[in-house]
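Quick notes on the structure that follows.
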Amino acid sequence: MRTCHLLLYFFVIFVIRVKSDPDPLQDYCIADTQSSQSFFVNGAPCINPANAIASHFTTSALSKPGNTTTNPLGFNVTLTNIRNLPGMNTLGLTMARVDIAGNGLVPPHTHPRASEVTILIKGSLLVGFVDTSNRLFTQQLREGDSFVFPKGLIHFLYNLDSKASATAISGLTSQNPGAQLASAATFTTKPNIPDEVLKKAFQINGQDVSRIRKNLGG
Ligand SMILES: *[C@@H]1O[C@H](CO)[C@@H](O)[C@H](O)[C@H]1NC(C)=O
Ligand SMILES: *[C@@H]1O[C@H](CO)[C@@H](O)[C@H](O)[C@H]1NC(C)=O
């Protein structure tokens, strides 16, 4: 009996922990992006369901490649959101198109609110994530291969080909996954994390801190 209760307890804890965005209480909740919101809700308020039309549920946002030349790391992420796809409001998901130039890199980052599954449409990518015991899991993807990045874990995508660009499509388990780049979250915050903290954390000197900040555009 004891073990049974314990198992139930862990099961409940597990279910609570893997929950994505809250379930909608109606068929859909077309985001009302016009409303001047004077209150805060978890997501966006909905329009009157009677005014819903098919175009609220479709978007061409991911049909065109993002421009990768303006980013020094050579990547561009295009996302669906409540403005280009208002019908996704409260559904607990996001789609992303990731374009990566030759040898481009989506640097180590996390999505605090979402797991991610990515499928490589074009090119070749080295992808990987690090778990909480600092184990690295990497895989070289070929066209058509998929890979999952568990929620909240640091991951990256690197285009191994120096010339050909790569394109991947991702699904994320939140309508607002959030993205935090490891490098930016440490070296280009506003205001700066005190040099003393970074020197000690990374075992580097003040010149190193300044150089890294400058290199990252901070
Ligand atoms: C991503 O691509 C879009 C469309 O070409 C462009 O407007 C945007 O500036 C690019 N973003 C970055 C960060 O380069
Ligand atoms: C990408 O952006 C650069 C810099 O803004 C621009 O020169 C180039 O024409 C753009 N490429 C495309 C395909 O839009």
Side-chain angles (χ1 to χ4, degrees), residues 31 33-34 43-44 55-89 91 93-130 141 143-149 151-193 209-218:
T33 50
Q34 312 303 320
S55 66
H56 287 136
F57 300 99
T58 187
T59 182
S60 302
L62 306 188
S63 64
K64 286 180 285 299
N67 190 335
T68 57
T69 61
T70 41
N71 182 318
L73 302 187
F75 75 96
N76 191 315
V77 178
T78 313
L79 292 165
T80 61
N81 55 49
I82 57 163
R83 271 160 296 283
N84 58 30
L85 187 58
M88 67 169 272
N89 189 41
L91 300 186
L93 50 86
T94 294
M95 294 270 290
R97 174 186 177 131
V98 188
D99 290 291
I100 310 178
N103 280 166
L105 171 71
V106 183
H109 66 284
T110 80
H111 304 293
R113 290 177 289 276
S115 294
E116 173 175 358
V117 56
T118 195
I119 178 166
L120 182 63
I121 300 299
K122 180 174 147 277
S124 64
L125 284 182
L126 175 73
V127 296
F129 72 86
V130 180
L141 302 185
E143 285 176 17
D145 290 346
S146 296
F147 195 81
V148 287
F149 304 112
K151 183 174 179 172
L153 298 185
I154 289 200
H155 59 281
F156 61 85
L157 302 90
Y158 178 62
N159 185 352
L160 293 165
D161 195 304
S162 61
K163 293 192 184 68
S165 65
T167 304
I169 300 289
S170 286
L172 297 115
T173 60
S174 168
Q175 85 175 53
N176 187 15
Q180 194 165 39
L181 268 60
S183 51
T186 40
F187 286 96
T188 62
T189 58
K190 286 184 181 59
N192 285 338
I193 293 178
V209 172
S210 308
R211 195 178 67 244
I212 296 170
R213 273 210 186 102
K214 193 159 155 277
N215 290 347
L216 295 176

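Keep in mind that this is a model prediction, so the values were computed, not measured. All ligand and atom numbering here is 1-based and tracks the order in the structure.
- At the shortest separation from atom 12 (C) of ligand 1 among protein heavy atoms lies N76 ND2, 3.5 Å.
- Using a 4.5 Å heavy-atom threshold, the side chains of N76 and N71 count as separate.
- In this structure, atom 8 (C) of ligand 2 lies nearest to the protein heavy atom N67 ND2, 3.8 Å.
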Per-pair distances, 0.1 Å, donor-acceptor, side chain in residues 180-187, under 3.5 Å, sequence neighbours excluded:
unit_1: T186; atom_1: OG1; unit_2: A182; atom_2: O; d: 2.7
unit_1: T186; atom_1: OG1; unit_2: S183; atom_2: O; d: 3.0

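- Inter-residue side-chain proximity for N159 and F75 is flagged as unmet; no heavy-atom pair is nearer than 4.5 Å.
- Those atoms of ligand 1 with a heavy atom of T70 less than 4.0 angstrom away are 12 (C), 14 (O).
- Residues R97 and P65 have side chains in contact (heavy-atom distance under 4.5 Å, counting atoms from C-beta outward).
- Residue-ligand proximity, G66 to ligand 1, at heavy-atom distances under 4.0 Å covers atoms 2 (O).
- Applying the side chain to side chain donor-acceptor pair (under 3.5 Å) definition to pairs two or more places apart or across chains, those involving residues 112-125 are H111-E116, E116-H155, E116-S170, T118-S170, K122-S165.
- Each of the atoms 1 (C), 2 (O), 3 (C) of ligand 2 lies under 4.0 Å from some heavy atom of T69.
- Counting protein heavy atoms under 4.0 angstrom from atom 14 (O) of ligand 2 gives one or more.
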